[in-house]
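Heads up, the thing below is written out as structure tokens.
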There are 2 protein chains.
Amino acid sequence: MRREEDFIPSPVATDVVIFTVIGNELNVLLVKRGKFAPLGWSLPGGFVGQREDLDESAVKTLREKTGVRNVYLEQLYTFGEPKRDPRGRVISIAYMALVDAQMVKLEKGKDTEGIKWLPVKKLPQLTFDHRQIIDYAKKRLIWKMEYTNVVFSLLPTYFSLTELQKVYEAILERDLDKRNFRRKFLSTGLIKETKKKSQGAHRPATLYNFAEKRLEYITNPFGQFLKK
Amino acid sequence: MRREEDFIPSPVATDVVIFTVIGNELNVLLVKRGKFAPLGWSLPGGFVGQREDLDESAVKTLREKTGVRNVYLEQLYTFGEPKRDPRGRVISIAYMALVDAQMVKLEKGKDTEGIKWLPVKKLPQLTFDHRQIIDYAKKRLIWKMEYTNVVFSLLPTYFSLTELQKVYEAILERDLDKRNFRRKFLSTGLIKETKKKSQGAHRPATLYNFAEKRLEYITNPFGQFLKK
DNA sequence: ACAAAAGTGTTGCGTCTACACCCATGG
DNA sequence: CCATGGGTGTAGACGCAACACTTTTGT
């Protein structure tokens with residue numbers, strides 16, 4: 001069925017789009033390649049080991065760059081256009097991870113000059129097809145925000161409804177109605193009121209936490225989760 | 001970042017879940033491996049060539065087995081569990097294709113004893129993790145049926161509303177209300193009435209065709225496309 | 001007392017669901 | 001004329017969008 005020459009294997013890598021929300025903006029973690037060409041900002045990633053599961057490879061990248069584990073991680077898509085890497089063919093399995101920025105300590109690798117959160121709306125030029133991968137990841141994230149409770153990965157354990165709403169607004173890039181948002185979210189049963197209150201200069205907000213920190217599809221009622 | 005030994009590349013293959021609807025049932029195309037172990041029913045697939053795009057590789061498999069081209073084809077997910085293939089590590093990029101069974105002429109490959117449509121609800125034991133791949137593909141298909149017009153790939157150019165409904169019912173595995181189905185589908189503007197009529201023993205049905213044979217997300221109104 | 005953020009209900013509109021009978025044709 | 005599948009409308013329930021003021025706290 002296939003020609004013999006075709007059986008020569010290609011290197012396989014994983015690249016991880018790590019998102020977080022900082023100050024009302026969606027940010028992505030990028031590393032500046034400083035040692036090997038092509039230089040410039042890239043997604044963190046690495047080759048998949050011989051005996052390594054694909055998810056493991058992505059988890060390892062995530063742990064090496066951010067120090068976090070046990071966060072939301074999802075396989076997105078596999079990019080394999082033969083010329084996507086100018087140095088030779090590499091097939092890349094893209095992952096998306098969602099983290100609470102407060103939990104992250106950025107750790108520079110030895111091949112990299114820098115590692116930084118950059119706002120998705122104002123990205124510099126990126127190496128390879130990484131811009132395309134991020135665009136795809138963002139679309140998927142928007143979808144997931146509307147139909148699932150993935151948002152829990154972007155927030156600390158205790159949070160106010162306003163903080164929750166701000167995360168949605170940052171990612172959907174539109175304002176939501178406060179009363180409708182609260183009614184809708186509370187009716188899902190995904191979050192529980194706690195006895196804690198926020199502290200600060202103004203009226204303290206009731207803090208909530210998630211009933212279950214695992215991915216749930218919102219089927220109540222069915223239909224788009226958030227309209228306006 | 002990665003250990004040297006990890007750079008040894010693994011073979012990469014594509015496996016294609018080819019669906020069609022035959023007689024009110026969703027079917028999948030399987031080949032019976034007759035030459036090389038492990039013997040038994042498998043998804044059609046092949047290794048990705050050195051200079052071959054991933055989509056191309058899937059298209060090639062599809063063409064070799066069914067003779068069709070220009071049908072709906074979508075990358076699904078990449079399976080890479082190190083022991084998924086007992087002969088050694090193979091990373092497999094799964095695709096889903098949708099075809100109109102009438103357009104297909106099954107073509108036996110030289111490594112295969114047989115090639116056959118089998119109903120998804122009563123599959124025999126499959127080799128590797130192919131059962132899992134089909135289960136995943138089916139979930140994705142159900143989703144796409146509800147939110148997009150992918151159904152056009154499963155039907156001939158001209159079709160009646162009843163035929164259209166039967167395809168939905170086969171895949172969603174539930175009955176739909178005839179009046180609601182018609183109203184809903186017609187209101188999307190995705191199909192056009194034609195002057196043709198079906199022939200047969202009873203009252204002739206008006207035949208329709210698709211306004212555009214490209215994938216459209218149904219955003220009218222937003223929300224689940226088909227309830228009951 | 002004032003600034004700032006938290007919190008709270010109602011109404012109108014549109015979409016979805018459930019449901020039963022007549023129509024056109026071939027045999 | 002009968003069997004078979006094609007084709008049609010309405011009413012009630014429910015979810016969604018729009019909208020503005022009061023409360024609580026720290027300073």
Side-chain angles (χ1 to χ4, degrees), chain A residues 23-24 145-147 155-156 158-170 172-209 217-228, chain B residues 21 23-24 145-147 155-156 158-170 172 174-209 217-228:
Chain A
N24 297 344
M145 292 291 284
E146 287 175 335
Y147 291 99
L155 283 166
Y158 296 94
F159 54 88
S160 70
L161 288 176
T162 301
E163 285 166 348
L164 181 63
Q165 183 175 343
K166 293 241 178 272
V167 171
Y168 269 90
E169 289 177 339
L172 304 184
E173 292 177 24
R174 62 181 214 267
D175 291 340
L176 299 171
D177 181 273
K178 182 160 61 159
R179 279 171 292 189
N180 292 338
F181 181 86
R182 285 164 182 244
R183 188 179 25 253
K184 186 81 185 263
F185 220 105
L186 289 169
S187 78
T188 64
L190 294 170
I191 57 175
K192 294 196 310 272
E193 190 171 333
T194 70
K195 283 168 189 155
K196 294 183 197 285
K197 299 278 171 186
S198 66
Q199 311 203 340
H202 306 297
R203 175 173 175 178
T206 302
L207 297 184
Y208 290 78
N209 60 21
Y217 286 82
I218 294 166
T219 53
N220 171 18
F222 265 126
Q224 195 179 33
F225 182 48
L226 294 167
K227 286 252 172 80
K228 201 170 299 165
Chain B
V21 172
N24 297 344
M145 291 291 284
E146 287 175 334
Y147 291 99
L155 284 166
Y158 296 94
F159 54 87
S160 70
L161 288 177
T162 300
E163 285 166 348
L164 181 63
Q165 185 175 341
K166 292 241 179 273
V167 171
Y168 270 91
E169 289 176 339
L172 304 184
R174 61 181 215 268
D175 291 339
L176 300 171
D177 181 274
K178 183 160 60 159
R179 280 170 292 190
N180 292 339
F181 181 86
R182 285 162 183 246
R183 189 179 25 252
K184 185 81 184 263
F185 221 105
L186 290 170
S187 78
T188 63
L190 294 171
I191 58 176
K192 293 197 310 272
E193 191 172 331
T194 70
K195 283 166 191 157
K196 295 183 196 285
K197 300 278 170 186
S198 66
Q199 311 203 339
H202 306 296
R203 175 174 175 179
T206 302
L207 298 183
Y208 291 78
N209 61 19
Y217 285 83
I218 294 168
T219 53
N220 171 16
F222 264 125
Q224 195 180 30
F225 182 47
L226 294 166
K227 287 254 171 79
K228 201 169 307 165

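Since the structure is predicted, the reported quantities are computational estimates derived from the model, not experimental observations.
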Any side-chain heavy-atom pair from T162(A) and R182(A) closer than 4.5 angstrom?
yes
If you round to the nearest 0.5 Å, how far is CG of L207(B) from CZ of F159(B)?
9.0 Å
Taken to the nearest whole Å, CG/L176(A) to P/dC19(D) is 15 Å
Among residues two or more places apart or on two chains, list those pairs meeting side-chain hydrogen bond (donor to acceptor under 3.5 Å, both in side chains) that have a residue in residues 196-207 of chain B.
K197(B)-T206(B)
L161(B) versus L164(B): any side-chain heavy-atom pair under 4.5 Å?
yes
D175(A) atom CG is separated from dA18(D) atom C1', nearest whole Å, by 14 Å
Going by heavy atoms closer than 4.0 Å, what residues in residues 193-203 of chain B are next to DNA chain C?
G200(B), A201(B), H202(B), R203(B)
Considering residues at least two apart in sequence or located in another chain, which fulfil the side chain to side chain donor-acceptor pair (under 3.5 Å) criterion with R183(B)?
N180(B)
How long is the line joining CD of E163(B) and C1' of dG6(D), in whole Å?
12 Å
Can you name the salt bridge (charged side-chain N to carboxylate O under 4.0 Å, His left out) partners of E169(A), sequence neighbours left out?
none
Does T206(A) have a side-chain nitrogen or oxygen under 4.0 Å from the phosphate oxygens OP1 or OP2 of dA6(C)?
no
Please report, rounded to the nearest Å, how far the P atom of dT8(D) is from the CZ atom of F185(B).
16 Å
Hey, is the side chain of T162(A) poking within less than 4.0 Å of OP1 or OP2 on dA6(C), counting only N and O atoms?
yes
Quickly work out the K184(B) NZ to dG7(D) C1' distance and round it to whole Å.
20 Å
Set out, line by line, the N/O atom pairs under 3.5 Å between protein and nucleotides 8-14 of chain C.
residue: dG9(C); atom: N7; partner: R183(A); partner atom: NH1; Å: 3.3

Between dG5(D) (P) and L164(B) (CG): distance, integer Å
18 Å
Tell me, please, which residues at least two apart from T194(B) pass side chain to side chain donor-acceptor pair (under 3.5 Å).
none
Is the shortest heavy-atom distance from the side chain of Y208(A) to the side chain of F185(A) under 4.5 Å?
no
Atom-pair distance (CZ on F181(B); P on dT15(C)), nearest Å
19 Å
Beyond-backbone contact of K166(B) with V21(B), side-chain heavy atoms, under 4.5 angstrom:
no
